[in-house]
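We count ligands from 1, going down the list as the structure has it; atoms in each ligand are counted the same way.
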Amino acid sequence: MGTAVCRPLKVCSASTPEVSSVLRLANRERIPVVTRGSGTGLSGGSVPVAGCIVLCLVDMNRILELDTKNLTLMAEPGVLTQRIFDTADAAGLFYPPDPGSMKISTIGGNVAENAGGLRGLKYGVTRNYVMGLEVVLPDSSVVWLGNKCVKDVAGYNLRDIFIGSEGTLGVVTKVLLKLLPKPAARQTLLATYASMDAAAETVSAIIAEKIIPCTLEFLDQRTLRCVEAHASVGLPVEAEALLLIETDGHPDAVADEAARIEAICSRHHAIAVRRAATTEEAVRLATARRSAFSALARMRPTTILEDATVPRSELANMIRFINEAAKRHNVTVATFGHFGDGNLHPTFLTDERDADEMHRVELAMREIFDHTFSLGGTITGEHGVGLAKKAFLPQQLGDASLNLLKAIKRTLDPHGLMNPGKIFDLETPAATGTQSHDA
Ligand SMILES: Cc1cc2nc3c(=O)[nH]c(=O)nc-3n(C[C@H](O)[C@H](O)[C@H](O)COP(=O)(O)OP(=O)(O)OC[C@H]3O[C@@H](n4cnc5c(N)ncnc54)[C@H](O)[C@@H]3O)c2cc1C
C-alpha cells in the first residue's frame with residue numbers, strides 16, 4: 001500500500017450531457033476536475049492539480065442563437081470572444097467586453113473570470129452582459145440560471161455566483177449574452193505626457209467633466225517602448241506616459257466629446273494630442289495597446305503581471321508607489337492598464353531561475369498589495385485570484401467574508417472537487433490533489 005500522485009487526464013467534452021457524465025464519474029470516484037477554455041488565464045486558474053481530470057471545452061464551440069428581436073446571443077463556452085463580437089457586429093449589434101486576449105480566449109473562460117477589457121470604463125465587464133447560464137453542478141445535475149427578460153427578481157441571483165467563480169463551483173456549458181446596438185461613430189485619440197502625474201490628472205479631469213469615454217488606457221514609458229519595438233505603429237517613445245482614449249456613440253456626441261477631451265488633455269500639459277485619421281489607424285492603435293503584455297513578455301525570461309486596482313483618484317499615487325517599490329528592491333517593472341477603471345497592470349520583468357531576484361520581486365509585490373489595500377483597492381480587477389493571488393485574499397476579505405465564500409463552496413461542492421486549491425484552500429483530499437492508491 002502507498003500514496004501515489006497521479007498525472008492529470010485530459011478529457012474533451014463536446015456537449016452538456018458529456019460534461020455531465022464526466023462530473024458524474026468524477027463525483028463517484030472523488031476525482032478533482034479542472035475546467036479549461038483556452039488556458040490564457042493570468043492567475044493560474046486552469047493549472048491542473050495532480051490526479052485531476054482536465055475538462056477541455058474548446059470543442060463546445062457553436063453559436064446556438066442570435067436573437068435580433070431580444071438582442072441576445074446564445075453560445076457554447078468554447079466559442080472565442082472575438083467570434084462573439086464578430087457575429088454581433090455582422091448583425092449591426094455590439095458585444096462590448098474586449099479582453100486583450102479576445103482573439104484567443106473563450107466566452108466560458110471570460111464568464112468564469114468575469115473578464116474585463118479596454119471598453120470597461122463605459123460598458124462594464126463580462127458580468128454586465130450575462131443574462132443566463134447553463135451550469136453543470138459538481139453532482140452532475142444541469143441547471144439553467146436566468147432568461148431573456150430584461151428584468152427578473154424571482155429568488156436569489158444564483159447566476160452571479162457562477163460569474164467569476166473560476167471553475168470552482170461548476171462547469172458553464174451555455175451562455176446567454178446581452179447585445180447592444182452598434183455605436184454609430186467612434187473617435188480615437190492619443191495623448192502623450194512628460195509626466196505620469198499629468199496623465200493621471202487628465203483622467204480625473206475627463207471624468208470630472210462628466211465625460212465617460214469607452215476606452216481610457218495608459219502605458220508607461222517602458223511599456224510604450226516595448227510596444228513600439230514590437231508593433232511599429234509610430235508611438236512617441238520619448239514620452240513618459242501615453243493615454244489611448246476612445247469615445248463612441250452618436251456622431252454629434254462623439255465629435256463634441258473628442259473636442260472636449262482634446263482640450264482637457266492640452267490643459268493638463270499633454271505634449272501632443274493626436275486623433276486617429278482613419279478607422280484603420282484607430283484599430284492599429286488599439287491592437288498595439290492589446291499587444292502590451294506580449295511585447296513586455298519578450299524582454300525577460302519571466303513575466304509576472306499583476307492586476308492591482310485602486311479608486312481612480314489614487315492612480316497617480318499608486319503608480320508612483322509601484323515605481324518606488326521596484327527601485328527599493330532593484331527589480332524591473334513596467335506598468336500599463338485600464339486607467340479609466342483604476343485597473344493597473346504592474347508587470348515585473350524577471351527570471352525565475354534567479355532566486356534572489358524572484359525574492360525581491362515578491363517583496364516589491366507584497367508592498368504594492370499592502371499599499372493597494374491602504375488606498376481602498378483590490379488585488380484583482382479582472383484576472384481573478386486563481387493560484388497567483390490566493391495568499392493575498394484573506395487580507396482583502398477578512399475572516400467573515402472569506403468564511404462566507406467557503407460556505408458557498410461547501411454547499412455546492414461538498415467534496416471540494418471543482419478546481420481545488422484555487423481562490424482559497426479547503427481542507428479536503430481534493431484540495432491537495434493527492435489520491436490514495438494501491439501501489
Ligand atoms: C495577452 C493576454 C491579454 C489578456 N488581457 C486580458 C484583459 O484585457 N482582461 C481580462 O480580464 N483578462 C485578460 N487576459 C486573461 C485571460 O485571457 C482571461 O482571464 C480569459 O477570460 C480566460 O479565458 P480562457 O478561455 O483562456 O480561460 P482559461 O484560462 O482556460 O480558464 C480560466 C479560468 O476559468 C475556468 N473556466 C474556463 N472555462 C470554464 C467553463 N466553461 N466553466 C467553468 N469554469 C471555466 C478555468 O477553470 C480557470 O479557472 C489576458 C490574457 C493574455 C494572455
Side-chain angles (χ1 to χ4, degrees), residues 13 16 19 22-23 32-49 52-61 75-84 97-120 124-127 130 133-138 161-175 215 217 227 230 286-287 289-298 303 305 307 309 336-338 341 343-345 347 380-390 412-413 418-423:
S13 290
T16 303
V19 171
V22 172
L23 293 206
V33 176
V34 178
T35 309
R36 194 177 172 92
S38 292
T40 66
L42 293 171
S43 54
S46 58
V47 173
V49 298
C52 76
I53 294 172
V54 174
L55 182 58
C56 189
L57 298 181
V58 288
D59 291 343
M60 291 184 75
N61 57 10
E76 291 185 322
V79 174
L80 298 184
T81 319
Q82 180 75 49
R83 212 176 124 215
I84 304 270
D98 60 339
S101 51
M102 68 189 290
K103 282 190 181 158
I104 44 172
S105 68
T106 65
I107 192 67
N110 290 174
V111 171
E113 295 286 6
N114 190 18
L118 276 63
R119 304 188 190 107
V125 295
T126 304
R127 181 187 302 281
V130 177
L133 291 177
E134 181 184 80
V135 181
V136 182
L137 298 177
I161 291 183
F162 289 89
I163 303 170
S165 65
E166 304 186 29
T168 62
L169 300 179
V171 180
V172 173
T173 44
K174 283 192 188 93
V175 187
T215 297
E217 295 288 306
V227 168
H230 182 63
T287 307
R289 155 60 189 92
R290 281 180 211 288
S291 74
F293 175 55
S294 330
L296 287 168
R298 291 151 37 114
T303 313
L305 177 129
D307 190 21
T309 304
F336 64 98
H338 316 297
D341 309 346
N343 185 187
L344 295 172
H345 294 316
T347 306
T380 171
E382 59 182 17
H383 294 163
V385 177
L387 283 174
K389 272 161 255 173
K390 75 175 179 181
L412 289 168
D413 183 19
M418 300 305 303
N419 214 359
K422 311 296 169 61
I423 305 182

Is there at least one pair of N or O atoms, one from S294 and one from ligand 1, spaced under 3.5 Å apart?
no
Atom 1 (C) of ligand 1: which protein heavy atom is closest, and how many Å away?
F293 CD2, 3.4 Å
Polar proximity ligand 1 side, S105 side, N/O cut 3.5 Å exclusive
no
Does the residue K422 have a heavy-atom contact with ligand 1, meaning some pair of atoms that are separated by less than 4.0 Å?
no
For the side-chain contact (heavy atoms from CB on, under 4.5 Å) test, which of T168, N114, L137, V130 pairs with F162?
L137
Run the side chain to side chain donor-acceptor pair (under 3.5 Å) check on N110 and T81 step by step: do they pass?
CA-CA 8 Å; N110 290 174; T81 319; 2.8 Å; yes
Heteroatom proximity flag, G109 to ligand 1, N/O under 3.5 Å:
yes
For atom 40 (C) of ligand 1, grab the closest protein heavy atom and report residue, atom and distance to one decimal in Å.
T35 CG2, 3.7 Å
Output yes when the distance from some N or O of ligand 1 to some N or O of V172 is under 3.5 Å, and no in every other case.
yes
For ligand 1, which atoms have a heavy atom of P77 less than 4.0 angstrom away?
41 (N)
Just to confirm my output: which protein heavy-atom neighbour is closest to atom 36 (N) of ligand 1, and how far is it?
A112 CB, 3.5 Å
For G170, atoms of ligand 1 separated by under 4.0 Å from a heavy atom
43 (C)
Identity of the nearest option to atom 5 (N) of ligand 1, non-hydrogen atoms only, from G384, G100, S291:
G100
Hey, are T40 and S105 close enough side-chain-wise for a donor-acceptor pair under 3.5 Å?
no
Strictly distance-based, threshold 3.5 Å: is any side-chain N or O of S38 a donor or acceptor partner for the main-chain N or O of I104?
yes
Less than 4.0 Å is my threshold; does some heavy atom of S165 fall inside it relative to ligand 1?
no
Ligand 1 to R36, heavy atom cutoff 4.0 Å, flagged ligand atoms 30 (O)
Tell me whether G39 has any N or O atom under 3.5 angstrom from an N or O of ligand 1.
yes
Taking only heavy atoms of H383, which atoms of ligand 1 are found under 4.0 Å from at least one of them?
10 (C), 12 (N), 13 (C)
Heavy atoms only: which of L57, T40, V33, T173 is nearest to atom 53 (C) of ligand 1?
T40
With atoms numbered from 1 as shown, which atoms in ligand 1 lie under 4.0 angstrom from a non-hydrogen atom of N419?
47 (O), 49 (O)
Identify the protein heavy atom lying closest to atom 49 (O) of ligand 1, giving its residue, its atom name and the separation to 0.1 Å.
E166 O, 3.1 Å
Could you pull out, from G164, S101, G167, the option with a heavy atom nearest to atom 52 (C) of ligand 1?
S101
When you measure from the side chain of T215 to the backbone of L118, do you find a donor-acceptor pair of N or O atoms at a distance under 3.5 Å?
yes
For H345, check ring pair (Phe, Tyr, Trp, His ring centres under 6.0 Å) against everything at least two apart and list the hits.
F336, H338, H383
What I want to know is whether T106 and ligand 1 share at least one N or O pair that is separated by under 3.5 angstrom.
yes
Residue G45 vicinity, atoms of ligand 1 by number, heavy atom under 4.0 Å:
47 (O), 48 (C), 49 (O)
Side chains of V172 and E134: closer than 4.5 Å at any heavy-atom pair?
no
Atom indices of ligand 1, in the order listed, that fall short of 4.0 Å to a heavy atom of N110:
20 (C), 21 (O)
Test V171 against every option in T16, V135, L23 by the side-chain contact (heavy atoms from CB on, under 4.5 Å) rule and name the one that passes.
L23
Go through ligand 1 atom by atom and flag the ones less than 4.0 Å from a non-hydrogen atom of A115.
11 (O), 21 (O)
Do other residues, nucleotides or ligands put more than 12 heavy atoms under 6.0 Å from K103 NZ?
no
Under 3.5 Å, is there a donor-acceptor pair between the side chain of R119 and the main chain of P97?
no
Among all protein non-hydrogen atoms, which one is nearest to atom 31 (O) of ligand 1, and what is the separation to 0.1 Å?
S46 CB, 3.9 Å
Any donor-acceptor pair under 3.5 Å from D413 side chain to M418 backbone
yes
Without swapping roles, check the side chain of E166 against the backbone of G386 for a donor-acceptor pair under 3.5 Å.
yes
Look only at the side chain of K422 and the backbone of V47, and say whether a donor-acceptor pair between them is shorter than 3.5 Å.
yes
Answer yes or no: is there an ion pair linking E217 with R289, defined by an N-O contact shorter than 4.0 Å?
yes
Where on E113 is there a heavy atom closer than 4.0 Å to ligand 1, on the side chain, on the backbone, on both, or on neither?
side chain
Positive for side-chain contact (heavy atoms from CB on, under 4.5 Å) with L57, one of L55, N61, D59:
L55
Looking only at side-chain N and O atoms, does N343 offer a donor or acceptor that is under 3.5 Å from a partner on T309?
yes
Do ligand 1 and G116 have nitrogen or oxygen atoms that lie under 3.5 Å from each other?
yes
If you measure from each heavy atom of L42 to ligand 1, is any distance below 4.0 Å?
yes
Consider every N or O of G41 and every N or O of ligand 1, then say whether any pair is closer than 3.5 Å.
yes
